[in-house]
J.: 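Pasting a structure below so you can have a look.
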Protein chains: 2
Amino acid sequence: MSPQRRSGLGTNQEAIRRHNLGTVLRHVHGAGQTSRAELTSLMGLNRSTIAGLVSELESLGIAEHATPLEGSRQGAGRPSARVRIAREGPYVIAVDLGVDRAVVARVGLGGHVIQRAQAPVLRDGEAWQVGAAVATLIRTVIEGAPSAAPLVGIGISVPGLVRRSDGLIRLAPNLEWHDVSFGGIVLAALGLDVPVSLANDADLGALAEHTRGAGVGVDELIYVSGNVGVGAGVISGGHRLEGVGGYAGEVGHLRFNPDGRPCHCGNLGCWETEVGAFAIAEAIQCPPDKVAQLDEVLDEFDRPSTALRATGTSLGQGLASIVNMFNPQVVVLGGYFRSLYRLVGADVDAGLADRALPAPLESVRLELPGLGSDSPLHGAAEIALEPLFVDPVAALGTALVDVRARLAG
Amino acid sequence: MSPQRRSGLGTNQEAIRRHNLGTVLRHVHGAGQTSRAELTSLMGLNRSTIAGLVSELESLGIAEHATPLEGSRQGAGRPSARVRIAREGPYVIAVDLGVDRAVVARVGLGGHVIQRAQAPVLRDGEAWQVGAAVATLIRTVIEGAPSAAPLVGIGISVPGLVRRSDGLIRLAPNLEWHDVSFGGIVLAALGLDVPVSLANDADLGALAEHTRGAGVGVDELIYVSGNVGVGAGVISGGHRLEGVGGYAGEVGHLRFNPDGRPCHCGNLGCWETEVGAFAIAEAIQCPPDKVAQLDEVLDEFDRPSTALRATGTSLGQGLASIVNMFNPQVVVLGGYFRSLYRLVGADVDAGLADRALPAPLESVRLELPGLGSDSPLHGAAEIALEPLFVDPVAALGTALVDVRARLAG
DNA sequence: CGCTCCTGTCCACCCGCACAACAAATCAGT
DNA sequence: ACTGATTTGTTGTGCGGGTGGACAGGAGCG
């Protein structure tokens, strides 16, 4: 039973098959490698049913069977056949658009980054220039793909507000973009027509950490991203919190200090003016041209200054508001907050404990990203893969095979 | 496709039937009255399937068929038979525990309040005393129930933090309760054993407004409740946002003015210290013993004072943080905010527009509760009814019949 | 070398929904 | 008032999909 998050629809058995097939694939994807027996117990279905589903995945070229592991013994009984992702199976292109560089990766099911490439992005570059650069990187990583493997889609992580209905980039302050249809630009530059999904970098960080990072199995998770601006991605009930337009999680403009500095949003003392990259850069006297690499600058510190510790306290106090609002189980600190937390973790913890309500405080823990700085990239891969888990057959139907030849032509 | 919000499970056709039966009932409940043709188009199932589901509901005693309406013509073709809630069908008890009074209602499917009773609650009363009073009210409203009608459960709205795993009231500041198992107390006073669900009043307000109030069809909705303290209930993606413990939505302690007044939570200048009942009472020089009836006091004003207008601005500015965080489509102002918004709506709107980001602001609208002050009561009924929509057969299995006789015994 | 335990495969079976054909009920036009 | 078009209720048949049992395969244990 799963669900139509969209409400009110009935279910027929065709939908069952779709859902079960997708769920099997989701499990294989999540674990990278499983056994049919494990799938049976995880999904609560009959052995025969699982066998049928797995064999369908194999005939679709998505999964492969493998001989049981030699070494590991897991008790008596016939060892269960392994199920793993097919070697030449479907893949996606993940793009992490940063403020100073773009990372592009070819990612297979199971979250394997098969190949990656990156290039600097000019500050205040035009969107079409960036799109062309990204398209070149995409061509590079597709180069190595087996021609039989289908390309399912492209996922793009954007440091800004993305409208969920059509993927339009409404506002990316640090790229100075307004209302840019970046997905269309990249597709045009490539000359391809595949599904493109765009989303906010913090949302994708949350998704990735939930799937294969520090928050596996945690259905109430928040990823707070320090990435010049400050944003958050929220997973609640195991699903992304999006809001009507897709703009949910804009925590950077929480009211923090009404007497504080002016924020580019027009208000005074938003949280971002205290813990944003420019605020931190000022606190550590970092030159403005290195703000985009603030994490590396911070990593060179070994002892925090007083100003930096105050920033840590502000981070914790702001997190308290977030914890009070969402009551999460895990808060993952991404972007340069990762480096910051390593330096002034105690102050962050103290600030949080000082301002959060007892009830939500007792069940929350702060964590560093399990995927390092690659969380948004992995999240971009996840949204591009998502159609496969909803309906594998349909997703493969819209996928492109022999992409290299199409790119050449 | 439907649902398991809990992830990873497979679906079999037994689950299909459960889900479809529950979904049919949910539609009948939502509309109060429908036709089979409408159900067919809403659920996307075949006519014959709908017929089977409806007849099963009828044989369960939940639904009745009725002759098509005489007057209304809806085009050519055979008129579709009406489906409505059975007259002696299942019902629930809804309890709205306020800080100064308790309201108890017998509510049938369709959200019909069949009978209601209320009584004042002593301030700083012991939990068992309140429980006994509530039990008496429950006996009163059950008195009039047909003995054939099954009691499905009891839903209780609580002005405080409720742990979702077991319904324990962790903290109800205005009742001065800590860790009270109020559900158990009421059941013991009744001598019954039926399912009891407890939840926060704002969460239930959101649920009710989503189901049959100002937010029907709106899947991104927030109910902000002014009820001595300030809290919010969030519906996102059509589901309640709960958080791990069930404490999500504690917006009263958002940082608002760090130089402000001390809050009972230990911090300075929480939003609640600016727009909470005590702050407003002070602004309008309302005597402290009437704070619990602040809405009535406010209703007697016809022109807002300057202080009240400032409060309205603060309300709007705080809502801006909420709008930025959740990007809702509708924000419903419940509790005494209802009265306040009638007086100083323009200031609230201005405060919101001033502080919210453009993107979330353009898609949000403020509304008054469609259910007046009964939102939490209706929400309490909804959570008690919820099991019926998940699995009608199972829910009727645990329901109590002939409750009057059991109460007497 | 048994025995036991677990898993894969194959089969018949059941359950639930779809579909087609027919009947019923209403509206529109003549 | 009659006729055709339209829409819905009813019924029987068919199909898809998961279940469950019987049997075989493979491993550990004594």
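Naming: A, B, ... by sequence-line order, numbering from 1 per chain. Since we're looking at a predicted model, the values are computed, not measured.
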J.: Counting primed atoms plus P, OP1 and OP2 as sugar-phosphate and everything else as base, spell out the protein contacts along nucleotides 1-6 of chain C at 4.0 Å heavy-atom distance: B, S or - for each nucleotide, 5' to 3'.
T.: ----BB

J.: Going by distance alone, is a donor N or O of one side chain under 3.5 Å from an acceptor N or O of the other, for H19(B) and T23(B)?
T.: yes

J.: Just jot down the side chain to side chain contact (heavy atoms under 4.5 Å, CB included) partners of V401(A), sequence neighbours excluded, or say none.
T.: P150(A)

J.: In chain order, what residues pass the ring-ring contact (aromatic ring centres under 6.0 Å, His included) check against H210(B), with sequence neighbours excluded?
T.: none

J.: Checking base pairs now: Watson-Crick or wobble, both atom distances under 3.5 Å. What partners dA22(D)?
T.: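 Across all strands, the one nucleotide that pairs with dA22(D) is dT9(C).
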
J.: Mind jotting down which residue pairs meet the salt bridge (charged side-chain N to carboxylate O under 4.0 Å, His left out) criterion with at least one end in residues 383-397 of chain A? Sequence neighbours excluded, please.
T.: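 Sorted pair list: R18(A)-D391(A), R26(A)-E386(A).
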
J.: V113(A): what forms a side chain to side chain contact (heavy atoms under 4.5 Å, CB included) with it, not counting sequence neighbours?
T.: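 Testing V113(A) for side chain to side chain contact (heavy atoms under 4.5 Å, CB included), a comparison that skips the adjacent residues, returns A105(A), V107(A), R116(A), H378(A).
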
J.: Can you name the residues that form a salt bridge (charged side-chain N to carboxylate O under 4.0 Å, His left out) with E64(A), not counting sequence neighbours?
T.: R84(A)

J.: Could you encode protein contacts along nucleotides 11-20 of chain D as a string, one character per nucleotide from 5' to 3', using B for base contact, S for sugar-phosphate-only contact and - for no contact, with a heavy-atom cut-off of under 4.0 Å?
T.: B----BBSBB

J.: Rounded to whole angstroms, how far apart are CG on L39(B) and P on dT8(D)?
T.: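 My rounded result for the distance is 12 Å.
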
J.: Sequence neighbours left out, what pairs pass salt bridge (charged side-chain N to carboxylate O under 4.0 Å, His left out) with at least one residue falling in residues 34-47 of chain B?
T.: none

J.: Which nucleotide, if any, forms a Watson-Crick or G-U wobble pair with dC29(D), using both distances under 3.5 Å?
T.: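 The base-pairing partner of dC29(D), which may sit in any strand shown, does not exist here.
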
J.: At less than 4.0 Å, is any side-chain N or O atom of S80(B) found next to OP1 or OP2 of dG9(D)? Yes or no.
T.: yes

J.: Without decimals, in angstroms, what is the distance between R36(A) CZ and dC10(C) P?
T.: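 Roughly 10 Å, once rounded to whole Å.
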
J.: Under the side chain to side chain contact (heavy atoms under 4.5 Å, CB included) rule, collect the residues that match up with R163(B), sequence neighbours excluded.
T.: S165(B), D166(B), L168(B), R170(B), Y247(B)

